[in-house]
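Lettering of chains follows the sequences in order, A, B, ..., and the numbering in each one begins at 1.
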Amino acid sequence: MHKQKLHHVLKERFGYDELRPGQEEIIQAVLAGKDVVAILPTGMGKSLCYQLPAYLLGGTVLIISPLLSLMQDQVEQLKRLGEKRVVALNSFLSYQDKQRILFNLSSYRFVFTSPEMIFQPIVRDQLAKTNLSLIVTDEAHCISQWGFDFRPDYLRISDWLKTFQRPPVLALTATATSKVVHDIQEYLQMYKPFIHIHSLDRPNIRYVIEKLENQDQKTEWLVSHTKTYEGPGIIYTQSRQRAEALSAILNESGTRSGFYHAGMEQEDRVFVQQQFLSGELQWVCATNAFGMGIHKDDIRQVIHDHLPATPANYIQEVGRAGRNGNDAVAFLLYTEGDEERTRFVVNEEIPIKHFIEMINEKKSNGENPARLVDDGFMNETDFRVLSYWLERTDPVETIQIVERLRMDKNRQIQDMLKLIEDTTCLRGKILTYFGQELDESKKPLNCCSVCGVNLNNLLTKQKEELTSASFSSWEERLGQLFPI
DNA sequence: CGACGATACTATAAAGTATCGTCGGTGCCTTATT
């Protein structure tokens, strides 16, 4: 592809002179018509990897996004860049608007939508008539993380891609376990994709495991820690209730904090998010609902009040710290037995066998099995997931599949426990888990709670003042780097 | 499984303790057969 034109668009449209190393390779591969899996840390300019090609390829670029808020953000960002031919095709639209947009899909350069939306017959039909030049799956780890037991439509993307002469597919994510990469390739029907994996090590993030006796000690630790050290920070909790209770305790102790979880009204969620982004709020106590789409680069601390369900979740959440390259610390508060509660939440004691029988019974009676949800026998998520598997295999195998999923989840909790054992360097173990190696020469002095960490050097207010004193002599700077 | 809240219990009363019941993460999408 013509390099000249590429740089012209890059400069004129986006205002950049050059691409970053990873971006260049990814964009060249996309322009060459290859399927691409791009794994880049958040904040490394993922969106440019499809936005730039859109101007060179012509046609319509379809972006599949997991969250409505993410779509809105991207649409606004493109509009600010002067793009008018951009739209989010989702449930926010009125019936009229949706119809109007659907019958003019080809007039858009960027169409953002959800996996669920693609499976509405009318959307599917109209997409088939549109000249798609590229299909992008944003936050593609969702295929692996949500597809199997939460949002099965992520897996159905695979079926859809088989039904037509599809354009190249680009998968973007920051999560790179071998399972995630494998699932992406399989469910996006990729053929010998170009895979770009950026190094996952984040030398400016320090990992600390804090072993405590019980929940009350955790609370005390959090109260005193947030009094001593500066935010901004996220405290991840296991339950919505704990997020709210902890936030109240911190507020009483004089540390202003907010809470965030999926059980809140949309406007309250947006409000907390805005306050955190603007710096009005230093701390947010949140469930794992808080994160994706929160673009804040000066988060200095991510604290886990519970044991995350998988190493991938842990790294994803921790990775939200220190995006600006400044020192950041990730704490995990662990009490013996925490894994039991994580196991419970993840396993959900679903009487799967019973549910499958119920669905089959309804079907053989000629009734609509969806009634089971309406009548309160089953929650919607379980119904959707089981329906997905029952559509493509028999009940016996469905039971096996669900059992395998459960075993896999339990194994990942064990992996998580192994990760936090204080035997060898945490940073090294994390990288090994993701199939990478620790470059010893780049290992920071303050590494992890196994290698040793000096918090006072990292988190106190004093430190911030020192680093901002940019006119200090080299002797002074050396003194700061290597305090006696 | 374990945390937490409500309730009952004890018994010159008040606050500690025992027991029971409840609850626990993540998000799209609902345009129609009275």
Exercise. Remember a base hit wins even if backbone is also touched, and classify Asn90(A) as base, sugar-phosphate or nothing at under 4.0 Å, heavy atoms.
Key: sugar-phosphate
Quiz item: Could you give the CD1-to-P distance, from Ile63(A) to dC28(B), as a whole number of Å?
Solution: 17 Å
Quiz item: Looking across every strand, which nucleic acid part, if any, lies under 4.0 Å from Met292(A) by heavy atom: base, sugar-phosphate, or nothing?
Solution: nothing
Quiz item: Do the ring planes of His198(A) and His196(A) sit parallel (below 30°), tilted (30 to 60°) or perpendicular (above 60°)?
Solution: tilted
Quiz item: Considering only the C1' atoms, how many Å lie between dT33(B) and dG27(B), rounded to the nearest integer?
Solution: 30 Å
Exercise. Please say whether the positively charged group of Arg392(A), taken as NZ for Lys or CZ for Arg, lies over the ring of Tyr388(A), i.e. under 6.0 angstrom from the six-membered ring centre and within 45 degrees of the axis.
Key: yes
Quiz item: Going 5' to 3' along nucleotides 17-23 of chain B, which nucleotides have protein heavy atoms under 4.0 Å from the base (write B), which only from the sugar-phosphate (write S), and which from neither (write -)?
Solution: -------
Exercise. Taking atom types as modelled, find out whether Arg242(A) and Tyr236(A) have a side-chain donor-acceptor pair closer than 3.5 angstrom.
Key: no
Practice problem: Could you check which of dG25(B), dC1(B), dT26(B) has an atom nearest any side-chain atom of Ala289(A)? | Solution: dT26(B)
Practice problem: Dump the intermediate steps for side-chain contact (heavy atoms from CB on, under 4.5 Å) on Tyr334(A) and Leu307(A), then the final yes or no. | Solution: CA-CA 7 Å; Tyr334(A) 176 74; Leu307(A) 188 77; 4.3 Å; yes
Quiz item: What is the distance, rounded to the nearest whole Å, between atom CD1 of Ile413(A) and atom C1' of dG24(B)?
Solution: 13 Å
Practice problem: For Pro115(A), answer base if it contacts any base atom (sugar-phosphate contacts may also be present), sugar-phosphate if it contacts only those atoms, and nothing otherwise; contact means non-hydrogen atoms under 4.0 Å. | Solution: nothing
Practice problem: Grab the CD-P distance between Gln215(A) and dG5(B) for me, whole Å please. | Solution: 13 Å
Quiz prompt | Rounded P spacing from dC29(B) to dT7(B) in Å | solution = 41 Å
Exercise. Look at all strands and tell whether Arg240(A) reaches a base, only sugar-phosphate, or nothing, counting heavy atoms closer than 4.0 Å.
Key: sugar-phosphate
Practice problem: Name the orientation class of the two ring planes belonging to Phe150(A) and Trp146(A) (parallel below 30°, tilted from 30 to 60°, perpendicular beyond 60°). | Solution: perpendicular
Quiz item: Rounded to whole angstrom units, what separation is found between the CZ atom of Phe112(A) and the P atom of dC28(B)?
Solution: 15 Å
Quiz prompt | Ser239(A) side-chain N/O to dA3(B) phosphate OP1/OP2 under 4.0 Å | solution = no
Self-check item: Leu68(A) side chain, from C-beta outward: closest of dC28(B), dT26(B), dG2(B)
Solution: dC28(B)
Quiz prompt | Proximal nucleotide (of dC28(B), dT30(B), dG24(B)) relative to the Met117(A) side chain | solution = dT30(B)
Quiz item: Of all of residues 92-107 of chain A, which get a heavy atom below 4.0 angstrom from DNA chain B, listed by number?
Solution: Tyr95(A), Lys98(A)
Quiz prompt | Interatomic distance where CG belongs to Leu307(A) and C1' belongs to dG24(B) [whole Å] | solution = 15 Å
Donor-acceptor contacts, no H, no angles, side chain residues 280-291 of chain A, under 3.5 Å, sequence neighbours left out:
| unit_1 | atom_1 | unit_2 | atom_2 | d |
| --- | --- | --- | --- | --- |
| Glu280(A) | OE2 | Ser278(A) | OG | 3.1 |
| Gln282(A) | OE1 | Gly231(A) | N | 3.3 |
| Thr287(A) | OG1 | Ala289(A) | N | 3.3 |

Quiz item: Just checking, any donor-acceptor pair under 3.5 angstrom between side chains of Glu210(A) and His225(A)?
Solution: no
Quiz item: Which residues satisfy the side-chain hydrogen bond (donor to acceptor under 3.5 Å, both in side chains) test with Arg100(A), sequence neighbours excluded?
Solution: Asp97(A)
Quiz prompt | Earlier contact from the 5' end, DNA chain B, for Asp216(A) and Asp149(A) | solution = Asp216(A)
Self-check item: Side-chain N,O (Ser114(A)) to OP1/OP2 (dC29(B)) below 4.0 Å
Solution: yes
Quiz item: Looking only at side chains, do His261(A) and Gln241(A) share a donor and an acceptor under 3.5 Å apart?
Solution: no
Quiz item: When you measure from the side chain of Trp146(A), which nucleotide among dG25(B), dG27(B), dA3(B) comes out closest?
Solution: dG27(B)
Quiz item: Given atom CD of Gln241(A) and atom C1' of dA3(B), what is their separation to the nearest angstrom?
Solution: 8 Å
Quiz prompt | Short side-chain N/O contact from Arg269(A) to OP1 or OP2 of dG27(B), under 4.0 Å | solution = yes
Practice problem: Remember a base hit wins even if backbone is also touched, and classify Gln120(A) as base, sugar-phosphate or nothing at under 4.0 Å, heavy atoms. | Solution: sugar-phosphate
Quiz item: Pick one for dT12(B): is it syn, with its angle within 90° of 0, or anti?
Solution: anti
Quiz item: How far, in whole Å, is dC28(B) from dA32(B) if one measures between their P atoms?
Solution: 23 Å
Quiz prompt | Closest-nucleotide 5' rank along DNA chain B - winner of Lys409(A) and Glu340(A) | solution = Glu340(A)
Side chains of residues 364-371 of chain A: which donor-acceptor pairs under 3.5 Å do they make with residues two or more places apart or in other chains?
| unit_1 | atom_1 | unit_2 | atom_2 | d |
| --- | --- | --- | --- | --- |
| Ser364(A) | OG | Asn360(A) | O | 3.1 |
| Ser364(A) | OG | Glu361(A) | O | 3.0 |
| Glu367(A) | OE1 | Lys362(A) | NZ | 3.3 |
| Asn368(A) | OD1 | Ala370(A) | N | 3.0 |
| Arg371(A) | NH2 | Asp375(A) | OD2 | 3.3 |

Practice problem: Could you please spell out the steps behind the side-chain contact (heavy atoms from CB on, under 4.5 Å) verdict for Asp415(A) and Thr310(A)? | Solution: CA-CA 7 Å; Asp415(A) 291 345; Thr310(A) 71; over 6 Å; no
Exercise. Could you summarise the pairing of DNA chain B as dot-bracket text, marking Watson-Crick and G-U pairs under 3.5 Å with ( ) or [ ] inside the strand and | across strands?
Key: ((((((((((....))))))))))..........
Exercise. Taking atom types as modelled, find out whether Gln74(A) and Lys79(A) have a side-chain donor-acceptor pair closer than 3.5 angstrom.
Key: no
Quiz item: What integer number of Å spans the C1' atoms of dT26(B) and dT22(B)?
Solution: 22 Å
Practice problem: Could you verify whether a donor N or O on one side chain and an acceptor N or O on the other, from Arg109(A) and Gln51(A), lie under 3.5 Å apart? | Solution: no
Self-check item: Distance, rounded to the nearest Å, where Arg341(A) contributes CZ and dG2(B) contributes P
Solution: 9 Å
Quiz item: Would you say a side-chain N or O of Ser91(A) is under 4.0 Å from OP1 or OP2 of dC29(B)?
Solution: yes
Exercise. May I have the distance from Glu336(A) (atom CD) to dG2(B) (atom P), rounded to whole angstrom?
Key: 11 Å
Quiz item: Any side-chain donor-acceptor pair under 3.5 Å between Gln189(A) and Asp35(A)?
Solution: no
